[in-house]
K.L.:
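Quick one: the structure is below, questions incoming.
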Amino acid sequence: MMFDIEAVSEALPERAIFWLAETGSTMNDAARLAESGCPSGAVVGAETQFAGQGRHGHGWHSEAGAGLYFSLILRLDLPPEQTPMVTMALGLAAAEAMTQVAGLATDLRWPNDVLIGGRKVSGILVQQNGGALVCGLGINVNQAQFPPDIAEIATSLRIASGREISRERLLIELLPAIDRYLAILATEGKEAVLRLFSHASSFVSGRRVVVDQSGAVLRGTTAGLDADGFLILQQDDGTRTLILAGGVRPV
Ligand code: BTN
């Protein structure tokens, strides 16, 4: 069913939301909107993307009408080193909204994947564009199956809950949840977001993982987040390494 943008706009009347039937990637649409001076909080989403972008040059599977694929433009008064905290705030909000709407328990894989039953249900991509943050969220909502290359690692809210989930309700819960977590970051600081993330994620400490890092594969146990939100890895050879980007896999 085509996304009911009117229902969403009615529920969130203050919010600028653009919804496209199809696009290359909402990241590019949002970058253009940001450059044209749109307000902070503006959203551009699409029913399907031909060239959905994931992190590290990956694509994002964007089956028409099945998921939520959107980018949110944020103009925040935050020092650049706090950008990772924005990603965490988005993950916390996405996890909370999914639990609220679909009644499912979620996990957060540092730095920014939402998992259900160990499989990825949502990914987040944050980029800088013309003084704004362009935050892309992809959420698998009503997919019944996935292409073979991701079939083993992906899930959707429908697969996990056994029922269709309203994409509109999810977006109506999610956007205010994002505002709430960003307000926590602004008023209580990064420590508060790091604490919330650490509670919500089974990956932050005591987890056996392998980490792919530019060619090298590190093995060890996670040992918390540092003050900037980077993951501390206690390697099996005794050294402690800060993990700056993703690529963390459980063993
Ligand atoms: C990841 O986990 O690799 C991040 C995936 C981000 C996907 C979303 S879908 C909406 C927005 N438009 C894109 O092209 N990518 C993001």
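As the structure lists them, so they are numbered: ligands from 1, and atoms in each ligand from 1.
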K.L.:
Looking at Glu63, is its backbone amide N or carbonyl O close enough to the side chain of Thr48 to form a donor-acceptor pair, meaning the two atoms are under 3.5 Å apart?
P.N.:
no
K.L.:
Would the distance check show the side chain of Thr187 and the main-chain N or O of Ala183 forming a donor-acceptor pair, the cut-off being under 3.5 Å?
P.N.:
yes
K.L.:
Is a salt bridge present between Lys120 and Asp113, judged by a nitrogen-to-oxygen distance below 4.0 Å?
P.N.:
yes
K.L.:
Less than 3.5 Å between some nitrogen or oxygen of Arg55 and one of ligand 1, yes or no?
P.N.:
yes
K.L.:
Give me the ring orientation class for Phe3 and Trp19: parallel if the planes are under 30° apart, tilted from 30 to 60°, perpendicular past 60°.
P.N.:
parallel
K.L.:
Run the contact test for His58 against ligand 1 with a 4.0 Å cut-off on heavy atoms, strictly below, and give the result.
P.N.:
no
K.L.:
Would you mind running through ligand 1 and noting each atom that sits below 4.0 Å from a heavy atom of Asp113?
P.N.:
2 (O)
K.L.:
Are any of the side-chain nitrogens in Arg169 or Asp4 under 4.0 Å away from the carboxylate oxygens of its partner?
P.N.:
no
K.L.:
Counting each atom of ligand 1 from 1 as listed, which ones have a heavy atom of Gly52 under 4.0 Å away?
P.N.:
14 (O)
K.L.:
Does any N/O atom on Lys120 come nearer than 3.5 Å to any N/O atom on ligand 1?
P.N.:
yes
K.L.:
For atom 15 (N) of ligand 1, what's the nearest protein heavy atom and its distance?
P.N.:
Gln53 O, 2.7 Å
K.L.:
Write out the residue and atom name of the closest protein heavy atom to atom 5 (C) of ligand 1, then the distance separating them to 0.1 Å.
P.N.:
Trp60 CE3, 3.4 Å
K.L.:
Closer than 4.0 Å to some heavy atom of Gly138 - which atoms of ligand 1 meet that?
P.N.:
7 (C), 8 (C), 9 (S)
K.L.:
Look at atom 11 (C) of ligand 1 and say which protein heavy atom is nearest, naming residue and atom and giving the distance to 0.1 Å.
P.N.:
Thr26 OG1, 3.2 Å
K.L.:
With a heavy-atom distance limit of 4.0 Å, tell me whether Ile124 approaches ligand 1 through its side chain, its backbone, both, or neither.
P.N.:
backbone
K.L.:
Check each heavy atom of Ser62 against ligand 1 and say whether those closer than 4.0 Å belong to the side chain, the backbone, both or neither.
P.N.:
neither
K.L.:
Would you check if there is a donor-acceptor pair between the side chains of Thr87 and Asn112 at a distance under 3.5 Å?
P.N.:
no
K.L.:
Judged by atom type as modelled, is there a donor-acceptor pair below 3.5 Å linking the side chain of Thr155 to the main-chain atoms of Val121?
P.N.:
no
K.L.:
Is Ser9 reaching over with its side chain to a backbone N or O of Ile5, donor-acceptor style, under 3.5 angstrom?
P.N.:
yes
K.L.:
Which of the numbered atoms in ligand 1 are below 4.0 angstrom from a heavy atom of Ser71?
P.N.:
11 (C)
